[in-house]
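Written out below as structure tokens is the structure these notes cover.
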Amino acid sequence: MLDISIDPDQPAAELYADLTSFATALVDGEPDAIANMANIAALIWQYVPGLNWAGFYRVIDEELVLGPFQGKTACIRIAIGAGVCGTAVATGEVQRVADVHAFPGHIACDADSRSELVVPVLKDDKVIAVLDLDSPRPDRFGVEDEAGMVRLIGAIANALG
Ligand code: SME
């Protein structure tokens with residue numbers, strides 16, 4: 001097993017550089033997308049401070065289906081275009097939401113969630129899944145979190161589908 005040592009309190013740029021290296025090493029040589037999503041959700045959950053949910057939804061037959069995650073039990077199916085996750089798939093764009101209560105159609109799986117970051121996972125130019133991060137802190141996710149997570153997911157996207 002990989003020996004992972006990451007300081008969760010270091011500046012965001014360094015934290016995401018470390019996370020990306022360990023994420024790349026974790027999925028190296030493993031073709032099973034579900035196993036890889038499970039380990040990446042666990043890695044993020046353990047080392048990114050201030051989260052109450054971290055995991056994946058997969059695009060299956062034109063809807064989003066719950067994938068590997070850490071946190072409270074969650075909605076299983078989300079229509080493309082619905083909520084923050086469905087909007088990320090419909091637009092193909094990252095959704096960084098400072099206040100989920102102000103996002104039209106936000107789906108509250110955990111009533112504690114106040115802010116959210118959703119990153120599309122692209123393979124062959126198609127959105128095959130999303131990484132969804134929730135925080136109980138309003139405005140938890142800044143531009144560095146967005147850039148860091150986009151880089152991390154971009155580095156391992158081929159191992160997630
Ligand atoms: N809040 C999401 C639903 C998924 S849960 O947060 C885990 C949304 O609005 O799409």
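What you see is a predicted model, and the numbers here were worked out from it, not measured in a lab. All ligand and atom numbering here is 1-based and tracks the order in the structure.
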query: Just which atoms of ligand 1 are under 4.0 Å from any heavy atom in G83?
result: 9 (O), 10 (O)

Non-hydrogen atom of Y57 closer than 4.0 Å to ligand 1: yes

- prompt: By number and element, which atoms of ligand 1 are closer than 4.0 Å to a non-hydrogen atom of D132?
  reply: 4 (C), 5 (S), 6 (O), 7 (C)

- prompt: With a 4.5 Å limit on heavy-atom distance, are the side chains of N39 and E30 in contact?
  reply: no

query: Is any side-chain heavy atom of I40 less than 4.5 Å from a side-chain heavy atom of L152?
result: yes

statement: Only one of R140, R96, R151 passes salt bridge (charged side-chain N to carboxylate O under 4.0 Å, His left out) with E146, and that residue is R96

task: Answer side chain, backbone, both or neither: which part of V118 comes under 4.0 Å from ligand 1, heavy atoms only.
output: neither

- prompt: Any idea which protein heavy atom is nearest atom 6 (O) of ligand 1, and the distance to it?
  reply: D134 OD2, 2.8 Å

- prompt: Which protein non-hydrogen atom lies closest to atom 2 (C) of ligand 1, naming both residue and atom, and how far is it?
  reply: E116 OE2, 3.1 Å

statement: Quick look: C109 vs ligand 1, heavy-atom contacts under 4.0 Å, and the answer is side chain

message: Give the atom numbers and elements of ligand 1 that come within less than 4.0 Å of a heavy atom of C85.
response: 8 (C), 10 (O)

- prompt: What do you reckon, does I107 have a nitrogen or oxygen under 3.5 Å from a nitrogen or oxygen of ligand 1?
  reply: yes

- prompt: Quick check: are there more than 12 heavy atoms from other residues, nucleotides or ligands sitting under 6.0 Å from CG of D32?
  reply: yes

query: Does atom CD1 of I60 have more than 12 heavy-atom neighbours, drawn from other residues, nucleotides or ligands, at distances under 6.0 Å?
result: yes

query: Using a heavy-atom cut-off of under 4.0 Å, does the side chain or the backbone of V84 touch ligand 1, or both, or neither?
result: both

- request: Compare all side-chain heavy atoms of Y47 with those of I6 and state whether any distance is below 4.5 angstrom.
  value: yes

query: Counting only heavy atoms not in K123, do more than 12 sit closer than 6.0 Å to its NZ atom?
result: yes

Joint hydrophobic cluster, L131 plus L122, side-chain heavy atoms closer than 4.5 Å: no

task: Say whether G105, considering both its backbone and side-chain N or O atoms, lies within less than 3.5 Å of an N or O atom on ligand 1.
output: no

message: Can you name the atoms of ligand 1, numbered from 1 with element, that are less than 4.0 Å from a heavy atom of H106?
response: 1 (N), 9 (O)

